[in-house]
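Ligands are counted one by one from 1 in listed order, and the atoms in each one are counted from 1 as well. Counting begins at 1 with the first residue of the sequence.
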Amino acid sequence: MTLNLRLRTLEKDDLSFLHHLFNNPDVMNYWFSEAYMSMEKLKENYDKNHDNPRNREFILTNGNESLGFIGLFEIEQRHRNAEFAIIIDPNHQGNGYASKATKLAVNYAFSVLNLHKLYLVVDKVNEKASHIYEKVGFKAEGEMIEHFFINGEYHDGVMMSLFQRDYWDYWKMLKQ
Ligand SMILES: CC(=O)SCCNC(=O)CCNC(=O)[C@H](O)C(C)(C)COP(=O)(O)OP(=O)(O)OC[C@H]1O[C@@H](n2cnc3c(N)ncnc32)[C@H](O)[C@@H]1OP(=O)(O)O
């Protein structure tokens with residue numbers, strides 16, 4: 001079957017998929033969050049925030065299949081920056097989907113929203129995620145030492161960023 005990866009808007013019908021992801025500690029630890037989310041809370045958050053102009057929340061799909069959740073959060077109109085975050089469903093990890101989804105989200109941030117800068121925070125031990133971000137062009141800006149408490153110990157975070165100008169240069173180079 002041919003792969004047709006797309007980012008589409010998060011819909012209310014996707015909340016059971018999010019419920020499955022947000023209650024998985026293997027996933028949520030890397031989002032520096034507790035894996036504790038009721039369906040009611042998800043619905044409440046959705047009703048309150050689905051039209052929040054500061055966020056863009058996407059489901060990564062291949063046809064009708066949901067593969068992951070990708071967000072551009074805290075979109076700043078004045079400073080023209082936003083925070084990127086991603087989860088690929090553990091049932092679908094290791095297939096190259098995160099790399100492709102990150103590229104789609106980066107393209108959305110710069111080509112659609114005209115952001116100046118996209119940033120993220122990744123756990124220093126999350127080598128798989130860091131590898132993907134470096135591959136797409138994110139660069140480390142600094143470390144947040146012992147900033148996150150996960151599984152009984154403090155973890156360092158790394159802030160990484162990508163600028164729109166570098167993204168244009170990178171894509172121009174790839175097309176040559
Ligand atoms: C800003 C943030 O959102 S940080 C938090 C990111 N989210 C999470 O960690 C939540 C839980 N984890 C996940 O959702 C997924 O594991 C993700 C998003 C990190 C990765 O998703 P996947 O679909 O499995 O990744 P994908 O298959 O696209 O790429 C994995 C890459 O990492 C590489 N890789 C795998 N293990 C390692 C490792 N230990 N060290 C370095 N690279 C590794 C693979 O070789 C592959 O790289 P390649 O394409 O150059 O060969």
- Do we see a donor-acceptor contact under 3.5 Å between the side chains of His20 and Asp89? yes

- Scan side-chain atoms only and decide if Tyr167 and Asn107 contain a donor-acceptor pair under the 3.5 Å cut-off. yes

- Gln164 versus Asn114, side-chain donor and acceptor atoms under 3.5 Å: yes

- Please confirm whether Phe17 and Phe69 have ring centers closer than 6.0 angstrom. no

Could you list, one pair per line, each nitrogen or oxygen of ligand 1 together with any protein nitrogen or oxygen closer than 3.5 Å, giving atom names and the distance rounded to 0.1 Å?
{"unit_1": "ligand 1", "atom_1": "3 (O)", "unit_2": "Ile86", "atom_2": "N", "d": "3.0"}
{"unit_1": "ligand 1", "atom_1": "3 (O)", "unit_2": "Tyr133", "atom_2": "OH", "d": "3.4"}
{"unit_1": "ligand 1", "atom_1": "7 (N)", "unit_2": "Ile86", "atom_2": "O", "d": "2.8"}
{"unit_1": "ligand 1", "atom_1": "9 (O)", "unit_2": "Asn126", "atom_2": "ND2", "d": "2.8"}
{"unit_1": "ligand 1", "atom_1": "14 (O)", "unit_2": "Ile88", "atom_2": "N", "d": "2.8"}
{"unit_1": "ligand 1", "atom_1": "14 (O)", "unit_2": "Ile88", "atom_2": "O", "d": "3.4"}
{"unit_1": "ligand 1", "atom_1": "16 (O)", "unit_2": "Gln93", "atom_2": "OE1", "d": "3.3"}
{"unit_1": "ligand 1", "atom_1": "16 (O)", "unit_2": "Lys128", "atom_2": "NZ", "d": "3.0"}
{"unit_1": "ligand 1", "atom_1": "23 (O)", "unit_2": "Ala98", "atom_2": "N", "d": "3.3"}
{"unit_1": "ligand 1", "atom_1": "24 (O)", "unit_2": "Gly94", "atom_2": "N", "d": "2.7"}
{"unit_1": "ligand 1", "atom_1": "27 (O)", "unit_2": "Asn95", "atom_2": "N", "d": "3.4"}
{"unit_1": "ligand 1", "atom_1": "27 (O)", "unit_2": "Gly96", "atom_2": "N", "d": "2.7"}
{"unit_1": "ligand 1", "atom_1": "28 (O)", "unit_2": "Gly96", "atom_2": "O", "d": "3.4"}
{"unit_1": "ligand 1", "atom_1": "28 (O)", "unit_2": "Tyr97", "atom_2": "N", "d": "3.4"}
{"unit_1": "ligand 1", "atom_1": "28 (O)", "unit_2": "Ala98", "atom_2": "N", "d": "3.0"}
{"unit_1": "ligand 1", "atom_1": "28 (O)", "unit_2": "Ser99", "atom_2": "N", "d": "3.0"}
{"unit_1": "ligand 1", "atom_1": "28 (O)", "unit_2": "Ser99", "atom_2": "OG", "d": "3.2"}
{"unit_1": "ligand 1", "atom_1": "47 (O)", "unit_2": "His131", "atom_2": "NE2", "d": "3.0"}
{"unit_1": "ligand 1", "atom_1": "49 (O)", "unit_2": "Lys135", "atom_2": "NZ", "d": "2.7"}
{"unit_1": "ligand 1", "atom_1": "50 (O)", "unit_2": "His131", "atom_2": "NE2", "d": "2.7"}
{"unit_1": "ligand 1", "atom_1": "50 (O)", "unit_2": "Lys135", "atom_2": "NZ", "d": "3.0"}

- Message: Can you confirm whether or not the ring centre of Phe73 sits under 6.0 Å from the ring centre of Phe84?
- Response: no

- Message: Could you work out, with side-chain hydrogen bond (donor to acceptor under 3.5 Å, both in side chains) as the rule, every residue matching Glu134, not counting sequence neighbours?
- Response: none

